[in-house]
Structure formats: C-alpha cells, structure tokens
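Take a look at the structure below.
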Amino acid sequence: MTSEEPTVSLVDVLEEDEELEEEASAVLAGSDSDHCSYPQGYVKRQALYACNTCTPKGGEAAGVCLACSYKCHEGHDLFELYTKRNFRCDCGNRKFSGQQCKLHPDKEEANSLNKYSHNFFGVYCTCGRPYPDPDDPVEDEMIQCVVCEDWLHGRHLGCVVPDCVELQEMICESCMNKSPFLWTYAAHLAVPGPTVAAEVKEETGGGDQANTTLSPPEDGSKPDLTDIRSKVDDVIEPSCKRSRQVAEPSCKLKDLQESSQKRVRSGAVFWPSAWRSKLCSCNDCQESLSEAGLSFLLDESDTVLAYENKGKTNEQSQQGHDPLMSALDNLNRVQQLEIIHGYNDMKTELKDFLQRFAAEGKVVTPDDIRQFFEQQQTRKRSRDGAGRFYCP
C-alpha cells in the first residue's frame, strides 16, 4: 500500500453504513412494504420505483409502490425515485402488458392524475443523465426540487448551494419562472441571494402596486439596515394600527409586492425550514396556488422532511415491539438470565474473532463466519456433555 493511497478505517465504514441505513429507514419506513398502496388512492407521499424491465424507455412511464417493488418486481431492473407526492401505484395496469399485480390485481387501466417525468426512465436533471452516472467524473450531490420533484446536480442549479441543504427546500429556476409570484416571496423569505438595485417590473397580474427600488439616501450615506428590516417585518406581519384600518385581512403577497426589496430572478432558490407557514393563505392566494397546481405549498406536512420524520417514528415504534424481547417476557428469570449471558458471551467472542482479521488486514469471508458459528455449536455441545452425570 503506497503512502498516497487513501485509507478508511472500519469505524468510518460502520458510521457511513449507519448513516445510509438511517436515511433508507426514514424513506422506506414511511411506506408499507407488505401491501400495495393502490387501495389508498393517490397517496400524499410515498416511496416509488420505476421498472425498466416492464416499462422500458420508449413506452409509457409508470411507477410502482414499495411493496410491489418487492413482491412483483423482484430481480427486475428498478429505478429508485425516492418519494413522490399524490401518486397511485401503476403496478399491473395496462402499461405492464398483461402482467398483473400480485398484491392487488383489480386495478383501473391507468391513473389519470399521476404525474410523470424523465425520472421514470432513469434520467435526471436538466442534463438528462442517469444517477449514478458512470461517464461523469465529477462527484456532485443531487438536490430535489419540491415543485417538479426532479433531481438536479448542484452545479446545474445556477446558484451557490448553501450549507445545511438537507434542512432546506429547493425550487428550481424553471418552476420559479412558471409561477412568477414565487420570486416575490423569494426576496423576503428565501435563503439570501442576489438582490436588485435597479427598478424591477413586477409580474403580470400582480395588481396596481408601484414598482419601487431600494435607493441609497440622497446625502450619500449608507442606508439604515435597521430601518430596512423594520419595513420588511411590517410588510410580512402588518402592524396593529394597519390591521385596525383594514376591515378584511390584508394579502401578505400584495404587501410584499409593494415593498422595495427585490431579488434577481435567476437560478434555483433555497428556502429555510417553516417558510411555507409564512405564505399568504387569503382566498385569492389560495385560488392562485390551486390554479398553478401549488396548493401543497400551504401544507407543511407535505415536505420530505415531515415524511422522513414520520418514517423514523414508525421505525422507532416497531423497534419498541422487538420479537426477541417479547419472547423473553414469556420466560422465567433464570431462563432470561441464561439467554442474556449466552448472548453477551457470543457477542464478545464474535468481536474478538473479527478483531483478529482487522489486525492482520484480512477480509472476512462467509466461510469464516460459518466456521465461527460451527465452533460455537461445538463448544455448546461440549458444555452440555460436561454437565451430564451417569450412574454406573
């Protein structure tokens, strides 16, 4: 082994495996692995897969639930789609050329409300490449847009990816431009990006608000940031005085549009946690969001983070009903102690056994593990034999 060759400790490998296992558990534990989700209708959010074996590129896009990926498509070439919202399992419908779903065969020919993208054929991002991409030498994380739910490379977002991105939500530039009012929210609620220092024309249909800009004082001094923040806060949360003057609750979006704070309309936008709770939910805005297909933005439980937290809770609750612990409850105290001591002895011996391989730099093979447990059985039989007494 050369000095330049990177080394990875067993602890590093175990920690990485544990992180991946926790992430997978968060995604999969939020979905049912035993029953097809089709009877539930269009599920709010669930883990999905596309089968390249049954519905290859060139045909119709289709998605299958977690349980069907196990029971109906075992051994097939599957594309992992992570999670999608408002989707109904397609497994076994007309897109699968006569192949029936083993878990729920009685299905309609198609699910007309499902939304599909190129992800269902194993390609992602604006570059339309697979992930992982064997021809891409650049290691780059992929981030999911919360609107179109496509996955994009960090270098193709048109902006700097902020720290702690896993705690934030991202809307790609294409989706921002399809709903221009999101840029108004972005100027006030999103992770800071480039701001506009010149007059910016508001989006069409935004009302009769004036086009304003943030101008420096006439005496040439720097603008008072405290005054600017107080004006922004007043726009997002109207003062009590304004509330008394207006009979109906004011529209937060219109108030923001009238403010002087602008943002360059370019690149993806990252949003901090709880940003959805600050969106306007007046009747007009709810109607606008519905027309744009964005009503889910008013639902904080729609987020992937909320789904993952639900999965972690389910996982912890299942761990609370450990079959081994349930079995121990049915034994008397002496039997419980014998099993616990036996388990601890085996755990210690297995640890010592594996440490010898680590010290010698050897790879542990299945035969090595099999030999270990055979030795355990031999020792157990020897102990049992030593405890027997025979009369002559």
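Only this structure's heavy atoms are used, side chains among them; waters, hydrogens and symmetry mates stay out.
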Indicate whether the side chain of [X] and that of [Y] have a donor and an acceptor atom separated by less than 3.5 Å.
X	Y	answer
Ser301	Lys44	yes
Ser37	Tyr42	no
Asp150	His118	yes
Thr53	His73	no

### Task
Describe, in one word, how the ring planes of His104 and Tyr38 are oriented to each other, choosing from parallel (under 30°), tilted (30 to 60°) and perpendicular (over 60°).
tilted
### Query
Going only through I, L, V, M, F, W and Y residues with side-chain contacts under 4.5 Å, is there a path from Trp275 to Phe296?
yes
Less than 4.0 angstrom from a charged side-chain N to a carboxylate O is my criterion; do [X] and [Y] meet it?
X	Y	value
Asp90	Lys107	no
Lys95	Glu109	no
Asp136	Arg155	yes
Lys115	Glu149	no

### Query
With ring centroids as reference points, do Phe87 and Phe120 lie under 6.0 angstrom apart?
yes
### Query
Taking it one step at a time, do Tyr116 and Asn114 satisfy side chain to side chain donor-acceptor pair (under 3.5 Å)?
CA-CA 7 Å; Tyr116 305 93; Asn114 281 353; 3.2 Å; yes
### Message
For Asn52, is there any backbone N or O sitting under 3.5 Å from a side-chain donor or acceptor partner on Thr55?
### Response
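It does not hold such a pair.
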### Task
Examine distances only and state if a side-chain atom of Asp140 and a backbone atom of His153 form a donor-acceptor pair shorter than 3.5 Å.
no
